[in-house]
Protein chains: 2
Amino acid sequence: MFTIGKASEQSGVNIETIRYYEREGIVPKPGRSAGGRRLYSSDEIAKLRFVRRCRDLGFPISNIQTFLSLTPQYDRSCGEVRTMAENHLGEINAKIENLMRLREALLSLSKNCDDGTADCPMLDALMKDGFGDGLHEQSSC
Amino acid sequence: MFTIGKASEQSGVNIETIRYYEREGIVPKPGRSAGGRRLYSSDEIAKLRFVRRCRDLGFPISNIQTFLSLTPQYDRSCGEVRTMAENHLGEINAKIENLMRLREALLSLSKNCDDGTADCPMLDALMKDGFGDGLHEQSSC
DNA sequence: GCTTGCTCCTGTAGTCACTACAGGAAGTAG
DNA sequence: CTACTTCCTGTAGTGACTACAGGAGCAAGC
(Lines give C-alpha, C1' and ligand atoms only; values in the text may rest on other atoms or scores of the structure.)
Protein backbone atom coordinates (compact mmCIF):
# COMPACT_ATOMS: atom_id res chain seq x y z
CA MET A 1 0.00 0.00 0.00
CA PHE A 2 1.17 3.48 -0.89
CA THR A 3 0.60 6.95 0.51
CA ILE A 4 -0.87 9.64 -1.68
CA GLY A 5 2.56 10.99 -2.57
CA LYS A 6 3.70 7.65 -3.98
CA ALA A 7 0.36 7.15 -5.70
CA SER A 8 0.78 10.56 -7.31
CA GLU A 9 4.30 9.70 -8.46
CA GLN A 10 3.28 6.34 -9.88
CA SER A 11 0.09 7.48 -11.57
CA GLY A 12 1.27 10.87 -12.76
CA VAL A 13 -1.76 12.51 -11.14
CA ASN A 14 -1.14 15.55 -8.94
CA ILE A 15 -1.84 15.01 -5.22
CA GLU A 16 -4.44 17.76 -5.11
CA THR A 17 -6.06 16.31 -8.19
CA ILE A 18 -6.24 12.85 -6.61
CA ARG A 19 -8.09 14.32 -3.64
CA TYR A 20 -10.30 16.24 -6.04
CA TYR A 21 -11.14 13.01 -7.93
CA GLU A 22 -12.01 11.39 -4.65
CA ARG A 23 -14.20 14.29 -3.52
CA GLU A 24 -16.07 14.20 -6.81
CA GLY A 25 -16.54 10.46 -6.70
CA ILE A 26 -14.52 9.91 -9.89
CA VAL A 27 -12.38 7.31 -8.15
CA PRO A 28 -13.49 5.37 -5.05
CA LYS A 29 -12.37 6.43 -1.60
CA PRO A 30 -9.20 4.56 -0.61
CA GLY A 31 -8.57 2.97 2.80
CA ARG A 32 -6.87 4.89 5.58
CA SER A 33 -3.95 4.25 7.90
CA ALA A 34 -4.31 4.39 11.69
CA GLY A 35 -3.22 8.02 11.52
CA GLY A 36 -5.86 8.89 8.93
CA ARG A 37 -3.70 8.89 5.82
CA ARG A 38 -4.95 7.59 2.49
CA LEU A 39 -3.50 4.25 1.42
CA TYR A 40 -3.61 3.14 -2.21
CA SER A 41 -3.27 -0.35 -3.66
CA SER A 42 -1.63 -0.96 -7.02
CA ASP A 43 -5.08 -1.41 -8.56
CA GLU A 44 -6.22 1.94 -7.30
CA ILE A 45 -3.08 3.53 -8.67
CA ALA A 46 -3.75 1.86 -12.03
CA LYS A 47 -7.20 3.41 -12.02
CA LEU A 48 -5.70 6.84 -11.41
CA ARG A 49 -3.27 6.26 -14.27
CA PHE A 50 -6.18 5.27 -16.48
CA VAL A 51 -7.99 8.49 -15.64
CA ARG A 52 -4.90 10.54 -16.39
CA ARG A 53 -4.39 8.88 -19.76
CA CYS A 54 -7.98 9.47 -20.73
CA ARG A 55 -7.64 13.11 -19.67
CA ASP A 56 -4.44 13.33 -21.72
CA LEU A 57 -6.45 12.08 -24.67
CA GLY A 58 -8.86 14.92 -24.03
CA PHE A 59 -11.83 12.91 -22.80
CA PRO A 60 -14.01 14.84 -20.37
CA ILE A 61 -14.44 13.43 -16.87
CA SER A 62 -18.04 12.48 -17.67
CA ASN A 63 -16.81 10.13 -20.41
CA ILE A 64 -14.19 8.67 -18.13
CA GLN A 65 -16.79 7.93 -15.51
CA THR A 66 -18.70 5.96 -18.13
CA PHE A 67 -15.53 4.12 -19.09
CA LEU A 68 -14.88 3.21 -15.49
CA SER A 69 -18.44 2.01 -14.98
CA LEU A 70 -18.17 -0.13 -18.12
CA THR A 71 -14.89 -1.84 -17.45
CA PRO A 72 -16.25 -4.60 -15.23
CA GLN A 73 -18.42 -6.00 -18.06
CA TYR A 74 -16.01 -5.68 -20.92
CA ASP A 75 -18.13 -7.75 -23.29
CA ARG A 76 -20.81 -5.05 -23.62
CA SER A 77 -18.60 -2.03 -23.45
CA CYS A 78 -16.72 -2.02 -26.73
CA GLY A 79 -19.51 -0.54 -28.82
CA GLU A 80 -20.18 2.23 -26.36
CA VAL A 81 -16.53 3.02 -25.99
CA ARG A 82 -16.11 3.15 -29.73
CA THR A 83 -19.07 5.51 -30.09
CA MET A 84 -17.69 7.83 -27.46
CA ALA A 85 -14.23 7.69 -29.00
CA GLU A 86 -15.69 8.52 -32.41
CA ASN A 87 -17.67 11.44 -31.04
CA HIS A 88 -14.55 12.62 -29.34
CA LEU A 89 -12.58 12.27 -32.56
CA GLY A 90 -15.16 14.40 -34.29
CA GLU A 91 -14.73 17.09 -31.67
CA ILE A 92 -10.97 16.94 -32.00
CA ASN A 93 -11.19 17.30 -35.76
CA ALA A 94 -13.50 20.28 -35.38
CA LYS A 95 -11.10 21.90 -32.94
CA ILE A 96 -8.17 21.36 -35.30
CA GLU A 97 -10.10 22.88 -38.18
CA ASN A 98 -11.11 25.89 -36.13
CA LEU A 99 -7.56 26.44 -34.95
CA MET A 100 -6.25 26.24 -38.47
CA ARG A 101 -8.73 28.81 -39.72
CA LEU A 102 -7.84 30.96 -36.77
CA ARG A 103 -4.16 30.64 -37.61
CA GLU A 104 -4.81 31.80 -41.16
CA ALA A 105 -6.78 34.78 -39.91
CA LEU A 106 -4.03 35.74 -37.49
CA LEU A 107 -1.31 35.32 -40.06
CA SER A 108 -3.11 37.50 -42.56
CA LEU A 109 -3.61 40.11 -39.87
CA SER A 110 -0.10 40.18 -38.51
CA LYS A 111 1.85 40.07 -41.76
CA ASN A 112 0.57 43.56 -42.57
CA CYS A 113 2.35 44.76 -39.46
CA ASP A 114 5.62 44.59 -41.37
CA ASP A 115 5.05 47.71 -43.40
CA GLY A 116 6.42 50.04 -40.78
CA THR A 117 3.75 52.73 -40.95
CA ALA A 118 2.60 54.40 -37.78
CA ASP A 119 -0.74 52.69 -37.25
CA CYS A 120 -1.11 49.04 -36.40
CA PRO A 121 -3.02 47.49 -39.28
CA MET A 122 -3.94 44.50 -37.17
CA LEU A 123 -5.78 46.43 -34.50
CA ASP A 124 -7.13 48.67 -37.23
CA ALA A 125 -8.68 45.76 -39.03
CA LEU A 126 -10.16 44.35 -35.85
CA MET A 127 -11.74 47.71 -35.03
CA LYS A 128 -13.32 48.10 -38.44
CA ASP A 129 -16.70 46.73 -39.42
CA GLY A 130 -17.01 43.45 -41.15
CA PHE A 131 -13.71 41.73 -40.49
CA GLY A 132 -13.78 38.28 -39.08
CA ASP A 133 -17.41 38.21 -38.08
CA GLY A 134 -18.65 34.72 -38.32
CA LEU A 135 -15.17 33.31 -37.95
CA HIS A 136 -16.61 30.35 -36.14
CA GLU A 137 -19.49 29.69 -38.46
CA GLN A 138 -18.62 27.18 -41.15
CA SER A 139 -20.34 29.08 -43.98
CA SER A 140 -17.75 31.85 -44.35
CA CYS A 141 -14.19 31.18 -45.33
CA MET B 1 -27.69 55.47 -27.74
CA PHE B 2 -28.61 51.84 -27.38
CA THR B 3 -29.81 49.62 -24.56
CA ILE B 4 -27.81 46.57 -23.61
CA GLY B 5 -30.00 44.32 -25.73
CA LYS B 6 -29.26 46.30 -28.91
CA ALA B 7 -25.60 46.58 -27.97
CA SER B 8 -25.50 42.81 -27.59
CA GLU B 9 -27.15 42.31 -30.98
CA GLN B 10 -24.84 44.74 -32.75
CA SER B 11 -21.62 43.58 -31.11
CA GLY B 12 -22.34 39.88 -30.98
CA VAL B 13 -21.51 39.82 -27.28
CA ASN B 14 -24.00 38.14 -24.96
CA ILE B 15 -25.83 40.48 -22.56
CA GLU B 16 -24.53 38.68 -19.49
CA THR B 17 -21.04 38.79 -20.95
CA ILE B 18 -21.26 42.55 -21.52
CA ARG B 19 -22.14 43.04 -17.86
CA TYR B 20 -19.32 40.69 -16.93
CA TYR B 21 -16.85 42.73 -19.02
CA GLU B 22 -18.04 45.86 -17.26
CA ARG B 23 -17.74 44.30 -13.80
CA GLU B 24 -14.22 43.16 -14.57
CA GLY B 25 -13.22 46.54 -15.96
CA ILE B 26 -12.50 45.11 -19.43
CA VAL B 27 -14.70 47.77 -21.01
CA PRO B 28 -15.55 51.11 -19.37
CA LYS B 29 -18.84 51.61 -17.57
CA PRO B 30 -21.43 53.06 -19.94
CA GLY B 31 -23.80 55.90 -19.07
CA ARG B 32 -27.25 55.23 -17.64
CA SER B 33 -30.78 56.32 -18.45
CA ALA B 34 -33.00 58.06 -15.89
CA GLY B 35 -34.37 54.64 -14.99
CA GLY B 36 -30.92 53.21 -14.41
CA ARG B 37 -30.47 51.29 -17.68
CA ARG B 38 -27.16 51.10 -19.44
CA LEU B 39 -26.87 53.18 -22.61
CA TYR B 40 -24.20 52.43 -25.21
CA SER B 41 -22.82 54.69 -27.93
CA SER B 42 -21.70 53.32 -31.29
CA ASP B 43 -18.10 53.66 -30.15
CA GLU B 44 -18.73 51.59 -27.07
CA ILE B 45 -20.43 48.96 -29.18
CA ALA B 46 -17.43 48.96 -31.52
CA LYS B 47 -15.20 48.29 -28.54
CA LEU B 48 -17.37 45.35 -27.53
CA ARG B 49 -17.16 44.01 -31.09
CA PHE B 50 -13.39 44.37 -30.96
CA VAL B 51 -13.24 42.35 -27.75
CA ARG B 52 -15.41 39.65 -29.26
CA ARG B 53 -13.26 39.37 -32.38
CA CYS B 54 -10.11 39.08 -30.32
CA ARG B 55 -11.77 36.40 -28.20
CA ASP B 56 -12.82 34.62 -31.40
CA LEU B 57 -9.18 34.70 -32.44
CA GLY B 58 -8.38 33.02 -29.15
CA PHE B 59 -6.63 35.89 -27.40
CA PRO B 60 -7.00 35.78 -23.62
CA ILE B 61 -8.67 38.73 -21.94
CA SER B 62 -5.33 39.87 -20.52
CA ASN B 63 -3.98 40.35 -24.05
CA ILE B 64 -7.11 42.18 -25.11
CA GLN B 65 -6.75 44.56 -22.20
CA THR B 66 -3.26 45.37 -23.43
CA PHE B 67 -4.60 45.90 -26.95
CA LEU B 68 -7.24 48.28 -25.65
CA SER B 69 -4.75 50.21 -23.59
CA LEU B 70 -2.46 50.52 -26.64
CA THR B 71 -4.98 51.69 -29.20
CA PRO B 72 -4.88 55.39 -28.29
CA GLN B 73 -1.17 55.65 -29.16
CA TYR B 74 -1.12 53.52 -32.30
CA ASP B 75 2.38 54.56 -33.24
CA ARG B 76 3.97 52.63 -30.41
CA SER B 77 1.68 49.67 -30.39
CA CYS B 78 2.47 47.78 -33.56
CA GLY B 79 5.57 46.05 -32.28
CA GLU B 80 3.92 44.94 -29.09
CA VAL B 81 0.82 43.74 -30.91
CA ARG B 82 2.95 41.78 -33.33
CA THR B 83 4.88 40.14 -30.50
CA MET B 84 1.71 39.13 -28.76
CA ALA B 85 0.19 37.89 -32.00
CA GLU B 86 3.32 35.83 -32.69
CA ASN B 87 3.31 34.33 -29.20
CA HIS B 88 -0.31 33.53 -29.68
CA LEU B 89 0.40 31.94 -33.05
CA GLY B 90 3.00 29.77 -31.40
CA GLU B 91 0.47 28.61 -28.87
CA ILE B 92 -2.07 27.87 -31.58
CA ASN B 93 0.48 25.84 -33.51
CA ALA B 94 1.35 23.88 -30.40
CA LYS B 95 -2.31 23.18 -29.75
CA ILE B 96 -2.84 21.98 -33.30
CA GLU B 97 0.17 19.69 -33.06
CA ASN B 98 -0.99 18.26 -29.75
CA LEU B 99 -4.47 17.66 -31.08
CA MET B 100 -3.10 15.92 -34.15
CA ARG B 101 -0.94 13.60 -32.06
CA LEU B 102 -3.91 12.97 -29.86
CA ARG B 103 -6.03 12.12 -32.90
CA GLU B 104 -3.45 9.60 -34.07
CA ALA B 105 -3.37 7.99 -30.64
CA LEU B 106 -7.14 7.77 -30.51
CA LEU B 107 -7.40 6.39 -34.02
CA SER B 108 -4.85 3.70 -33.33
CA LEU B 109 -6.70 2.81 -30.16
CA SER B 110 -10.18 2.70 -31.60
CA LYS B 111 -9.47 0.92 -34.85
CA ASN B 112 -8.63 -2.21 -32.87
CA CYS B 113 -12.19 -2.15 -31.63
CA ASP B 114 -13.28 -3.52 -35.00
CA ASP B 115 -12.17 -7.04 -34.35
CA GLY B 116 -15.35 -8.02 -32.56
CA THR B 117 -13.80 -9.91 -29.68
CA ALA B 118 -15.36 -9.67 -26.27
CA ASP B 119 -12.90 -7.33 -24.54
CA CYS B 120 -12.49 -3.71 -25.49
CA PRO B 121 -8.92 -3.34 -26.69
CA MET B 122 -9.05 0.40 -26.25
CA LEU B 123 -9.83 0.35 -22.55
CA ASP B 124 -7.49 -2.58 -22.25
CA ALA B 125 -4.60 -0.62 -23.66
CA LEU B 126 -5.33 2.36 -21.47
CA MET B 127 -5.36 0.17 -18.39
CA LYS B 128 -2.05 -1.46 -19.18
CA ASP B 129 1.32 -0.10 -18.19
CA GLY B 130 3.29 2.00 -20.55
CA PHE B 131 0.77 3.13 -23.12
CA GLY B 132 0.58 6.79 -23.89
CA ASP B 133 2.62 8.02 -20.99
CA GLY B 134 4.32 11.19 -21.96
CA LEU B 135 1.81 11.89 -24.70
CA HIS B 136 2.21 15.56 -24.03
CA GLU B 137 5.98 15.66 -23.78
CA GLN B 138 7.64 16.52 -27.05
CA SER B 139 10.40 13.94 -26.79
CA SER B 140 8.27 10.90 -27.54
CA CYS B 141 6.54 10.44 -30.83
C1' DG C 1 12.89 11.72 24.47
C1' DC C 2 13.08 15.62 21.54
C1' DT C 3 13.68 18.33 17.58
C1' DT C 4 13.67 18.98 12.66
C1' DG C 5 11.66 18.59 8.44
C1' DC C 6 8.86 16.29 5.36
C1' DT C 7 4.44 14.55 4.05
C1' DC C 8 -0.14 14.52 4.84
C1' DC C 9 -4.87 16.19 6.55
C1' DT C 10 -9.30 19.24 5.99
C1' DG C 11 -11.61 23.03 4.30
C1' DT C 12 -11.95 26.90 1.62
C1' DA C 13 -11.06 30.04 -2.10
C1' DG C 14 -9.13 31.11 -6.58
C1' DT C 15 -8.51 30.19 -11.71
C1' DC C 16 -10.69 31.45 -16.69
C1' DA C 17 -14.31 33.28 -19.15
C1' DC C 18 -18.26 33.14 -18.89
C1' DT C 19 -23.46 31.44 -17.99
C1' DA C 20 -27.64 30.94 -15.30
C1' DC C 21 -30.86 32.11 -12.17
C1' DA C 22 -33.81 34.54 -8.57
C1' DG C 23 -36.46 38.29 -7.48
C1' DG C 24 -37.66 42.62 -8.60
C1' DA C 25 -38.07 47.22 -11.39
C1' DA C 26 -38.60 49.86 -15.74
C1' DG C 27 -40.49 50.48 -20.11
C1' DT C 28 -43.85 49.59 -23.95
C1' DA C 29 -48.02 48.13 -26.61
C1' DG C 30 -52.77 47.56 -26.67
C1' DC D 1 -54.55 49.51 -16.61
C1' DT D 2 -52.75 45.26 -17.81
C1' DA D 3 -49.68 42.16 -19.95
C1' DC D 4 -45.43 41.50 -21.69
C1' DT D 5 -40.74 42.27 -22.56
C1' DT D 6 -36.43 43.99 -21.28
C1' DC D 7 -33.59 45.29 -17.91
C1' DC D 8 -31.52 45.57 -13.05
C1' DT D 9 -28.49 43.55 -9.03
C1' DG D 10 -26.39 39.97 -6.75
C1' DT D 11 -25.11 35.45 -6.31
C1' DA D 12 -23.94 30.82 -7.63
C1' DG D 13 -22.58 27.37 -11.00
C1' DT D 14 -19.54 25.51 -14.90
C1' DG D 15 -15.02 22.19 -15.74
C1' DA D 16 -11.11 20.56 -14.07
C1' DC D 17 -8.35 21.58 -11.42
C1' DT D 18 -4.79 24.53 -8.29
C1' DA D 19 -3.37 27.04 -4.20
C1' DC D 20 -3.24 28.08 0.35
C1' DA D 21 -3.94 28.26 5.55
C1' DG D 22 -3.46 26.03 9.65
C1' DG D 23 -2.74 22.02 11.76
C1' DA D 24 -1.39 16.85 12.52
C1' DG D 25 1.37 12.47 11.59
C1' DC D 26 5.65 10.34 10.94
C1' DA D 27 10.71 9.09 10.28
C1' DA D 28 15.53 10.08 11.18
C1' DG D 29 19.13 12.02 13.75
C1' DC D 30 20.97 13.72 18.19
Notebook entry, point to check: Of A:Thr17 and B:Gly5, whose nearest nucleotide on DNA chain D comes first from the 5' end?
Noted result: B:Gly5
What's touching nucleotides 25-30 of chain C from the protein side, N or O pairs under 3.5 Å?
| from | atom 1 | to | atom 2 | distance (Å) |
| --- | --- | --- | --- | --- |
| C:dA26 | N3 | B:Arg37 | NH2 | 3.0 |
| C:dG27 | OP1 | B:Gly35 | N | 3.4 |

Item checked: Residues in side-chain hydrogen bond (donor to acceptor under 3.5 Å, both in side chains) contact with B:Arg103, at least two apart in sequence or another chain -> A:Asn93
Next item on the list: Would you please name every residue forming a side-chain hydrogen bond (donor to acceptor under 3.5 Å, both in side chains) with A:Thr3, sequence neighbours left out?
Entry: none
Item checked: Opening and closing nucleotides of DNA chain D in contact with chain B, under 4.0 Å to non-hydrogen atoms -> D:dT6 to D:dT9
Item checked: Any B:Asn14 side-chain nitrogen or oxygen under 4.0 Å from OP1 or OP2 of C:dC18 -> no
Check: So which pairs with a foot in residues 25-46 of chain B pass side chain to side chain donor-acceptor pair (under 3.5 Å), sequence neighbours left out?
Finding: B:Glu22-B:Arg38, B:Ser41-B:Glu44
Reckon [X] touches a base, only the sugar-phosphate, or nothing at all at heavy-atom distances under 4.0 Å?
| X | value |
| --- | --- |
| B:Arg23 | base |
| A:Arg19 | base |
| B:Tyr21 | sugar-phosphate |

Item checked: Student check: side-chain heavy atoms of B:Ile45 and B:Phe2 closer than 4.5 Å -> yes
Note to self: Does any part of the side chain of A:Leu48, heavy atoms only, come nearer than 4.5 Å to the side chain of A:Tyr21, both counted from C-beta?
What the structure shows: yes
Calculate the interatomic distance between [X] atom [atom1] and [N] atom [atom2]; express it in whole Å.
| X | N | atom1 | atom2 | value |
| --- | --- | --- | --- | --- |
| A:Tyr20 | C:dG14 | OH | P | 18 Å |
| B:Glu22 | C:dC18 | CD | C1' | 15 Å |
| A:Glu16 | C:dC8 | CD | C1' | 11 Å |
| A:Arg38 | C:dC9 | CZ | C1' | 7 Å |
| B:Phe59 | C:dC16 | CZ | P | 18 Å |

Notebook entry, point to check: Partners of A:Glu24 by side-chain contact (heavy atoms from CB on, under 4.5 Å), sequence neighbours excluded?
Noted result: A:Tyr20, A:Ile26
Checklist line | Which residues share a ring-ring contact (aromatic ring centres under 6.0 Å, His included) with B:Phe59, sequence neighbours left out | finding: B:Phe67, B:His88
Next item on the list: Could you list the residues that satisfy salt bridge (Lys or Arg N to Asp or Glu O under 4.0 Å) with B:Arg23, not counting sequence neighbours?
Entry: none
Let me check something: any side-chain donor-acceptor pairs from residues 12-19 of chain A under 3.5 Å, sequence neighbours excluded? List them with distances.
| from | atom 1 | to | atom 2 | distance (Å) |
| --- | --- | --- | --- | --- |
| A:Asn14 | OD1 | A:Glu16 | N | 3.0 |

